[in-house]
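Below is one structure, written out as structure tokens, with a few remarks after it.
The analysis underlying the following values was restricted to heavy atoms, covering all of them including side chains, and did not include hydrogens, waters or symmetry mates. Every chain is numbered from 1 and lettered A, B, ... according to where its sequence line falls, protein lines coming before strand lines. Quick caveat, the model's predicted, so the values are computed rather than measured.
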Amino acid sequence: MGFILDGLDAEAYDRQYDDRQLLRRIIGYFQPELRRMLLVAFTTLLDTLVRAAVPIVISRAVDEVSQTQSESLILTYGLLVAGLGASAWLFNLIRRSLTGEAVGNVVLKIREDAFDAVMKRDLSFYDQFPSGKIVSRVTSDTQAFSTVVTLTIDLISQLVLVGALLIYLFFVDAVLALVVLGMVPLIVGTALAFRKIARFTVQHSRRVRAEVSALVQETVAGISVAKTFRQEHAIYADFLKLNRRAFWINLRMGIVFSGIFPLLALIVAFAMAAVVYFGGLRVQLGALSAGDWYLFAQVVALIWFPLTSIASFWNQFQLGLASGERVFALIDSEPRVVQHDKRVLPHIRGEIAFKHVHFSYTDKERVLENFSLHIRPGETVALVGHTGAGKSSIGKLIARFYEFQAGSITIDGVDIRALDLSAYRAQLGVVTQAPFLFDGTVRENIRYGKAGASDAEVERAARQVGNGDWLKSLSDGLDTEVGERGSNLSMGQRQLVALARVMLQNPAIFILDEATASVDPLTETLIQEGLDAIMKGRTSIVIAHRLSTVRHADRIIVLKKGQIIEEGNHEELLRRGGHYAELYNTYFRHQSLEYIEAQRKPDVTPAN
Amino acid sequence: MLNAAKSEFSVANAYRYDRRSPSRWLIAHVMRYRWFFLATLLFYIGTYAAYTASEALIGQAIGTVIEPDSLALLPTIALSILGLKLLDAVLSLLGVLAIEVIAQRMEVDSREELYANLLGKSQTFHNQQRVGDIMARATEDVQQLNGMINPGVAITLESIVGIAVPLVFIAMLRLELLLVPVVFIAAYLIAVVGYVRRLNPVVRRQREQFGKMNANLEESISGIEVVKASAQEAFERRKFRIAASLFRDFFVRQGYIEARYLPLLFFGIALGLAFMHGLLLYQQGLLRLGDVVALMGIMGVLRWPTLASFFSISLIQAGLEGGRRIVNILNTETELDQNSGGYKQPMRGEIAFENVSFAYGRVHALRNITFSIRQGQTVAIVGQTGSGKSTLTQLINRTYDVTGGRVLIDGVDVRDWDLDALRSQIGKIEQDVFLFSRSIAENIAFGVPDATQEQIEEAARMAQAHDFIMSFKDGYRTLVGERGVTLSGGQRQRIAIARAFLSNPRILILDDSTSAIDSATEDEIQRAIRQVQQGRTTLLITHRLSQIRWADMILVLDGGELVACGAHEELLRRSPHYRRIFARYDVALPPLEPVPIN
Ligand SMILES: Nc1ncnc2c1ncn2[C@@H]1O[C@H](COP(=O)(O)OP(=O)(O)O)[C@@H](O)[C@H]1O
Ligand SMILES: Nc1ncnc2c1ncn2[C@@H]1O[C@H](COP(=O)(O)OP(=O)(O)O)[C@@H](O)[C@H]1O
């Protein structure tokens, strides 16, 4: 029942759990809440019985009071009805409070498990699945699941109520009870048919809403262009057409949704008339008391609401289960990077060796084939090559973000698979192309490189990058808020923060994927100066996009399709006139002084 | 006149709404469909009357049925009940339809109004708004108006009618019987107010906490590479656990509050008391037994309206809030004056800043800037992000007005220029080039819709865009954007340059901060920019050393001040900032002369 993914995207790690597995899993999470759940069940039962008793008591009272009109009887019945109402409220209170606690705890546990599972995955997982989807599994899917659990408990209590009443009715008058029962399939059928129509109209409406949003978005984003060129009328006409269409589609949806209840009420009307008529006949025959007849009429009014909710709820129930299933699939998926030992190297010298490494992200293409490379401690190596040559992949393998398929990678002669990852990565400094900053201050972001570093240490690290000149351009210095993902800072400033972070971390190995983003020349200079400071005396692997980095590297590794085809320093390689010379012409030439000097503007004749 | 605000765009025969306050505006929107509203009200009264009458009739039926020989009456009673119930259903359907129309029109009308209004707002206004904000208003806020009407107002109406009508029926049974229901309703109203007051903050904080938890998680996952590389998984886990537990706490608290919903208790007790009251009156012979049963049926009618109305309160609140935000936008004056009697001549392109200062509110963006540009010159503006480069260019086409000093074009203060004449002769290419999701040709010809294909291609050639455009399968008819090709920054920029060629401005402001990774692209961008500079005064915000190096003049901004100004050689001699940049190229730098800028 849980495998109805209902138009929601399935992911590669999704699996189908059969009902029993799924149920066992859910029950497993509820195990610690056993006492609460038992209490919930108990109060649900009491609540139901009390609520079912109200119409029954009223009907009894009508019968009895019509016989003997004693005051005490009236008082007793009146108070009884009020008392029943009050205790129903009380039981309901207990039930709902306990349900809230239990569901809250269970969902918290599931969320924590899901989060832990996510954190254990290696980067191949994150490549495959966009972060938004992972987030929605951990938060929204669990939320949907909890809503369904709550609703299910609610619904069960309503159903028990209807069931209890129906059973009672059968004892009172089986024939009339059958008449009432007759409307059940009608209501359920209508509600099911309604679901189909509803889904259709909702889809249309959602689509047209998305279209309207897209159009408005485009207009607002491009308003300056529209204004400079005075095209407002054309744009408005487009909008009007779409907006009018949106009206009709939304109206249709609105009508379908608000129309369903009156429609079901029609069915109930017939049932009610039937009960009144046949009930009246049976009262005349003496087969039924007037009070019981009233009871039947009440039940007809009572029964249809839960029935409608079951029908419309069924969908939600399935979605909720599917949500649960998605979360469990996330928890159960297995990481590919597996360490077989937990060795800690206290002081890494920074010798890195790739021996006959085979590596691919997917089965489709080999990225590195029989790749061997030896990097000496303290060496600065620049990796160059066309896009897709495998430069970044080498960096990622050193960081142990991915699992490789064959060969070996050793750090200071120790198999990378045998290292304690936490301890190893603490000695690894990584700066990515578009550095990621966490919402918070610059100081906090720098400190991320070394938890518990003192303010003075943070400050010293910041000063080591570009002489600390970059701090002046921040409004509050180190206490500047960087904003979501660092959006308050310019791209260049973010890189500087990332460099300071690495500076503080003081790693043995430094891996840099140079940014391609364009940065103002002064900031660029500061970044370069920062890099010089970091690379000094550390093993550095740089995926190079800047001419100055390549020029200052100890060794340039030229890659092509995962193979090393040339090695050496800038001058040697340029002289050789091979692949590197071609790369130079493609990627680096325009950064050279010669190029800058050659770009003299042709003489301009002033406009008259 | 209600909407006499200045505007750059207006729609003929548009319906005018009262915008003096959000509530008036909302009422004006509803009143546009007053007949529908009236119809809703009448249908609701009808539906509740039929519903209550059918319940009363069931009670009466009991009284009748107990009598012997009433068999003949039974079909009539059953049919009457059927008729009333059917009437109830049909009227309620009609009522719902009527209010649904209002709700949907509300959404569509207000979006239309907002949209037209946005088109009429000045560029200043749009520069100050974030796209996301406006989007939220045009989509979410107007949708909230929809929800406010149906189910918000619909349920409220239903509650009022659904309480009033049964009370009338009860009073018709016997006036004293009103005692219990009226006391109940009073208690109910008080309880609901308290309930909403307690629930609202918890729900809000729960929602906020959910947002925080989400944002937290999103951040951890987006930054997973940093998290892993810094071995900070434990730290992230702790952060998430704290956020998730806080959410759980709010969730549980909301559960407690909802569980304590007092009106439910009151209703249960009222039912008992009303029953007792009815029976007592029956015992005294003041009421028939059938009436007692009818009373209970009618009391049952009260259940839904009283239990549901609190639900509509939050919807109406949200709608009012949305309405307020929309009216705020509608009523924002655009301070723009067209200045249509102003200076209106072909522009030569001389620019002069005289002691110009500018502040965004209290944030000083530019201080005391003075320089002048001759016609046809190319000027590079350099400086770190936030140093005031874009602000400076925005003062030239009067996107903003200076707060001190003055900006002159061709010797005339920009504030004395006719705004149309000024802006139409100043072109601007932004860093994030905006292209519409249309064909490339339409994008190039956006300002000159009647341009011929030859003119378009000519412009594209000059902008070095022709070749890459032709490399697409559909050439100039290629669609841009989601449904078409995704263009790189450099390609978008060249299309924008082509667009500028077609409209041919005298002053061109070009934000050229796009990066080029390869030399070939760089070559083409350089060539395109050089082409477009020809014969115009050009201001370049650029990071390219090759452009800075060869500009006629370089303005170096730092923290809103002009710290250096001059040509390359001059700056190498004077500006330590500037020297540091070129120092990396191991060029022989001239000795530094500590000369202050004039
Ligand atoms: N996360 C990934 N998932 C699947 N394939 C990838 C991934 N990253 C890179 N690739 C592929 O691996 C090859 C090498 O990529 P990469 O190491 O990024 O090259 P470079 O850094 O030289 O541009 C490319 O063909 C690329 O498409
Ligand atoms: N719309 C605005 N409202 C308030 N402050 C702004 C606005 N636009 C820019 N600023 C501030 O003005 C200063 C100059 O910004 P800007 O001209 O955009 O610099 P640049 O173009 O050099 O990056 C910055 O401190 C910036 O934060």
Side-chain angles (χ1 to χ4, degrees), chain A residues 66 69 74 78 81-82 85 89 93 96-97 100-101 104 108 111 115 119 126 131 135 139 213 216 220-223 225 229 232 247 250-251 254 258 262 265-266 269 273 276-277 280 283 290 294 297 422 425-426 430 436 473 490 516 518 520-521 525 586 589-590 593 596 599-601 606-607, chain B residues 9 58 62 65-66 74 78 81-82 85-86 89 92-93 96 100 104 108 119 126 131 134 138-139 214 217-218 221-223 226 229 231 233 240 244 248 251-252 255 259 264-265 268-269 272 275-276 279 283 289 376 384-385 434 446-447 515 517-519 522 535 543 545-546 549-550 581 585:
Chain A
S66 66
Q69 308 183 356
I74 292 173
V81 170
W89 179 81
L93 184 153
R96 296 196 59 163
S97 302
E101 287 171 9
L108 179 63
R111 287 209 170 116
F115 184 84
M119 279 291 135
Y126 296 93
S131 65
V135 169
T139 57
S213 290
V216 173
V220 176
I223 190 107
V225 183
F229 297 107
E232 288 102 326
F247 168 72
N250 285 334
L251 184 63
S258 349
L266 281 179
V276 168
Y277 182 72
V283 172
Y294 163 77
S422 261
R425 285 184 182 150
V430 181
F436 186 91
S473 65
S490 72
T516 53
S518 133
D520 70 84
T525 305
T586 318
R589 178 176 47 84
H590 67 275
L593 190 65
I596 294 171
Q599 291 299 310
R600 153 166 258 144
K601 187 171 75 157
Chain B
F9 171 80
I58 292 172
I62 292 202
V65 169
I66 315 179
L74 203 52
I81 289 176
L82 179 64
K85 289 264 172 207
L86 289 181
S92 130
L93 187 66
V96 155
E100 187 64 42
Q104 298 296 349
V108 169
L119 284 177
H126 285 287
V131 175
I134 300 219
T139 55
N214 244 330
L217 180 60
E218 166 83 49
I221 290 181
S222 308
V226 181
E233 285 100 330
F240 179 77
R248 192 265 321 261
F251 177 84
V252 171
L264 204 62
L265 175 64
I269 294 174
F275 189 45
M276 193 151 67
L279 285 180
Q283 185 207 19
L289 192 60
Q384 297 191 21
T385 309
F434 185 85
F446 190 75
S515 56
I517 314 170
D518 63 80
S519 303
E522 179 82 13
H543 295 162
L545 285 177
S546 46
R549 167 74 181 81
W550 295 107
I581 295 168
Y585 286 90

Measure across A:F436 and B:S222 and return the closest heavy-atom pair with its distance rounded to 0.1 Å. CE1-CB, 3.5 Å

Greatest number of heavy atom pairs closer than 4.5 Å to chain A - which of B:R549, B:Q104, B:K85, B:E218: B:Q104

Which pair of non-hydrogen atoms, one from A:T525 and one from B:I581, has the smallest distance, and what is that distance? OG1-CA, 3.5 Å

Between B:L545 and chain A, with a heavy-atom cut-off of 4.5 Å, which part of the residue counts as in contact: side chain, backbone, both or neither? both

Considering all heavy atoms, the nearest A:R589-B:S519 contact: NH2-CB, 3.3 Å

Tell me which of these, B:G255, B:S546, B:A231, has more heavy-atom pairs under 4.5 Å with chain A than the rest. B:S546

Name all residues meeting the side chain to side chain donor-acceptor pair (under 3.5 Å) criterion together with B:E233; count only those two or more places apart in sequence or in a different chain, and write none if there are none. none

Name the option with the most non-hydrogen atom pairs under 4.5 Å to chain B; the candidates are A:A273, A:G254, A:A265. A:G254

Under a 4.5 Å heavy-atom cut-off, does chain B meet the side chain of A:L108, its backbone, both or neither? side chain

Option that, when pairs with chain B are counted at under 4.5 Å, heavy atom only, ranks first among A:N250, A:L266, A:V276: A:N250

Residue, of A:S213, A:G85, A:A297, that accumulates the most heavy atom pairs under 4.5 Å with chain B: A:S213

Which atom of A:Y277 lies closest to which atom of B:A78, heavy atoms considered: CB-CB, 3.6 Å

Choice from B:V96, B:V226, B:L265, B:L82 maximising heavy atom contacts with chain A below 4.5 Å: B:L265

